[in-house]
Number of protein chains: 2
Amino acid sequence: MADRIALPPQLSQIPLFQGLPEPALTDILQHSQARRVEKDSFLFMQGDPADHLYVLMEGRAKLCQVTSEGQQVILKFAAPWEMIGGLAIVGGGIYPVCCMVAEDSRVMSWSTTVLEGLLQRYPLIAINATRWMSNHVKETQQLFTQLATERVEQRLAHTLLRLISQMGQEQAEGMALDITLTRQDLAEMSGTTLFTVSRILNQWEKQGLVEAGRERVRVKSPHGLVVIARDLKL
Amino acid sequence: MADRIALPPQLSQIPLFQGLPEPALTDILQHSQARRVEKDSFLFMQGDPADHLYVLMEGRAKLCQVTSEGQQVILKFAAPWEMIGGLAIVGGGIYPVCCMVAEDSRVMSWSTTVLEGLLQRYPLIAINATRWMSNHVKETQQLFTQLATERVEQRLAHTLLRLISQMGQEQAEGMALDITLTRQDLAEMSGTTLFTVSRILNQWEKQGLVEAGRERVRVKSPHGLVVIARDLKL
DNA sequence: CGACGGGTTGACGGTTGTCAAACCTTGTGG
DNA sequence: CCACAAGGTTTGACAACCGTCAACCCGTCG
């Protein structure tokens with residue numbers, strides 16, 4: 001238990017704890033555990049009992065689902081101060097996804113038992129959880145619809161736009177993504193193969209829309225991608 | 001408000017109200033509104049303010065999302081005693097989908113304002129809501145992964161299996177679906193076109209797996225569909 | 001240096017979407 | 001009762017899209 005650590009201002013920004021008074025936040029912080037996790041390790045695997053809720057403090061994590069045939073799908077990249085494994089708020093389930101830490105990171109976590117106590121003391125948390133989950137549902141439904149109706153090129157454009165709006169860094173020219181992102185990762189986020197991603201990215205590079213390096217992508221013209229994502233055909 | 005209506009036993013089975021004592025259920029029932037809705041009308045449209053939570057008492061409803069290009073995707077068919085528009089539990093949002101009533105039905109509903117009061121009185125509802133939403137997220141994520149990794153034939157098999165497990169009726173030979181279900185509907189549930197659905201269904205009919213009539217499908221061999229869904233290639 | 005992991009490119013073909021035409025079923029109105 | 005319209009379905013031809021596979025390139029690291 002961490003009781004000398006200063007209350008990080010971001011704690012009140014976490015969807016689950018929004019609107020809580022400061023004493024409650026202190027209480028919550030004192031019941032949290034913090035630890036470092038290194039790149040390529042897993043916070044949890046798909047199918048594990050969902051017994052911990054995590055919040056990323058530093059670093060990146062990716063949430064993926066693996067099919068019975070072994071194909072992997074990336075549902076989401078998580079940036080600092082996002083909740084991971086929100087499912088653990090209600091005990092008794094198992095994680096439907098696995099969470100792989102994409103670079104050296106720090107996380108804080110709460111066990112389901114601790115969360116139960118917090119839920120008792122601060123009923124607002126349950127309301128917040130519902131709101132967070134309903135947003136989560138919305139996002140996932142939108143992803144589904146895009147996957148069902150768009151062609152690969154549009155989906156890849158949407159994927160990149162989502163990434164830069166979530167964690168892109170403004171630059172002189174366009175937006176940069178500071179995460180290591182292989183073609184394979186992009187493929188697994190867009191429901192396609194790394195070959196197709198490679199081809200599309202090269203084509204876009206020739207058109208001056210992006211700069212694609214090894215495990216790196218910079219979006220030079222977000223607007224250009226919007227045009228593609230909407231299928232406005234120039 | 002309905003205060004002479006007997007407490008329907010199913011009320012306690014609704015995910016949101018599970019575990020509540022009988023007086024609470026009576027209270028909840030008294031704050032509900034019931035009405036008939038006729039086929040092809042809408043409970044709500046995508047983009048409307050999410051101000052009512054519905055429960056289907058009789059009939060069928062489909063939840064769909066329409067893209068900016070006008071393509072439709074069906075996210076789910078709802079059977080009696082399923083919740084619709086669970087998003088309305090937390091006020092202030094807009095429906096991300098629209099709900100079309102697929103046959104003459106009866107629904108009960110609660111406005112967000114009423115729900116707020118219920119949430120105050122029975123905090124368990126918030127917990128239940130979280131649990132329901134997290135299931136919802138799980139389901140949607142699974143749909144997404146299937147759409148991202150499977151070929152049309154497998155997805156269509158999964159769609160049919162989902163439908164019969166949700167509301168199929170056991171029969172001498174296989175399972176019947178008593179809903180009107182066009183090829184177009186199946187296409188919008190599986191992320192494909194009605195032409196492809198038609199072809200696959202005819203092929204399956206020749207193999208004796210299904211019987212496909214106008215707006216009707218009977219699954220004669222669920223097991224056969226499982227084989228296809230898993231891509232076991234005979 | 002050689003191994004390795006990520007990336008690129010080309011050839012090929014399967015899966016599916018697109019479109020047009022015709023068919024069938026159902027319900028309606030004369 | 002028939003004719004007709006409307007909507008669901010089938011089928012074929014065609015081609016676009018995109019996945020598969022093999023070969024190769026390139027930079028990094030031990």
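Hydrogens, waters and symmetry mates play no part in the numbers below; they use all other heavy atoms, side chains included. A, B, ... follow the sequence lines: proteins, then strands. Residue 1 opens every chain.
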Separation of atom [atom1] in [X] from atom [atom2] in [N], rounded to whole Å:
{"X": "A/Glu188", "N": "C/dG6", "atom1": "CD", "atom2": "P", "answer": "11 Å"}
{"X": "B/Ile228", "N": "C/dT15", "atom1": "CD1", "atom2": "C1'", "answer": "16 Å"}
{"X": "B/Arg155", "N": "C/dT16", "atom1": "CZ", "atom2": "P", "answer": "7 Å"}
{"X": "A/Arg151", "N": "C/dG17", "atom1": "CZ", "atom2": "P", "answer": "13 Å"}
{"X": "A/Asp185", "N": "C/dG5", "atom1": "CG", "atom2": "C1'", "answer": "13 Å"}
{"X": "B/Glu215", "N": "C/dT25", "atom1": "CD", "atom2": "C1'", "answer": "10 Å"}

All pairs passing side chain to side chain donor-acceptor pair (under 3.5 Å) where residues 209-218 of chain B contributes a residue, at least two apart: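 Output for this query lists B/Glu211-B/Arg218.
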Mind checking what makes salt bridge (Lys or Arg N to Asp or Glu O under 4.0 Å) contact with A/Asp178, not counting sequence neighbours? A/Arg60
Greater than 12 external heavy atoms within 6.0 Å of B/Glu69's CD: yes
Can you sort out the partners of A/Thr112 under side chain to side chain contact (heavy atoms under 4.5 Å, CB included), two or more places apart, ordered by chain and number?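 Side chain to side chain contact (heavy atoms under 4.5 Å, CB included) check on A/Thr112 returns A/Asp51.
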What residues, two or more places apart in sequence or in another chain, satisfy side chain to side chain contact (heavy atoms under 4.5 Å, CB included) together with B/Thr159?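 Side chain to side chain contact (heavy atoms under 4.5 Å, CB included) check on B/Thr159 returns B/Arg162, B/Leu163, B/Leu186, B/Met189, B/Ser190.
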Can B/Arg106 and B/Glu58 be counted as an ion pair, charged N to O under 4.0 angstrom? yes
Every protein N/O lying under 3.5 Å from an N/O of nucleotides 8-10 of chain C:
residue, atom, partner, partner atom, Å
C/dT8, OP1, A/Asn202, OD1, 3.2
C/dT8, OP2, A/Arg183, NE, 3.0
C/dT8, OP2, A/Ser198, OG, 2.8
C/dT9, OP2, A/Asn202, ND2, 2.5
C/dG10, N7, A/Arg199, NH1, 3.0
C/dG10, O6, A/Arg199, NH2, 2.9

Kindly state each residue pair satisfying salt bridge (charged side-chain N to carboxylate O under 4.0 Å, His left out) with at least one member in residues 181-195 of chain B, sequence neighbours excluded. B/Lys62-B/Asp185
Any salt bridge (charged side-chain N to carboxylate O under 4.0 Å, His left out) involving residues 72-89 of chain B? Give me the pairs, sequence neighbours left out, ordered by first then second residue.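 Listed by first then second residue: B/Lys76-B/Glu82, B/Lys76-B/Glu139.
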Is there a residue in residues 173-181 of chain B whose heavy atoms reach under 4.0 Å of DNA chain D, and which residues are they?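 Output list: empty, so none.
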Going 5' to 3' along DNA chain D, which are the first and last nucleotides with any atom under 4.0 Å from a heavy atom of chain A?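 For DNA chain D, the relevant span reads D/dC18 to D/dA22.
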Pairs in or reaching into residues 134-173 of chain B: which pass ring-ring contact (aromatic ring centres under 6.0 Å, His included), with residues at least two apart or in two chains?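 Only B/Trp132-B/His136 qualify under ring-ring contact (aromatic ring centres under 6.0 Å, His included).
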Can you list every ring-ring contact (aromatic ring centres under 6.0 Å, His included) pair that touches residues 162-201 of chain B, not counting sequence neighbours? none
Only one of A/Gln207, A/Met175, A/Glu205, A/Glu173 clears side chain to side chain contact (heavy atoms under 4.5 Å, CB included) with A/Lys220; which?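 That would be A/Glu173.
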Measuring from atom OG1 of B/Thr67 to atom CD of A/Gln142, what distance do you get when rounded to the nearest 0.5 angstrom? 11.0 Å
Do A/Gln65 and B/Thr145 get their side chains close enough for a donor-acceptor pair, meaning under 3.5 Å?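 The answer is yes; a qualifying pair exists.
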For a quick test of reading the model: is some side-chain N or O of B/Thr193 closer than 4.0 Å to OP1 or OP2 of C/dT18?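 It does not, given that no N or O in the side chain of B/Thr193 lies less than 4.0 Å from OP1 or OP2 of C/dT18.
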Looking at residues 65-79 of chain A, who's got a heavy atom less than 4.0 Å off DNA chain C?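 Heavy-atom contacts with DNA chain C come from no residue of residues 65-79 of chain A; none.
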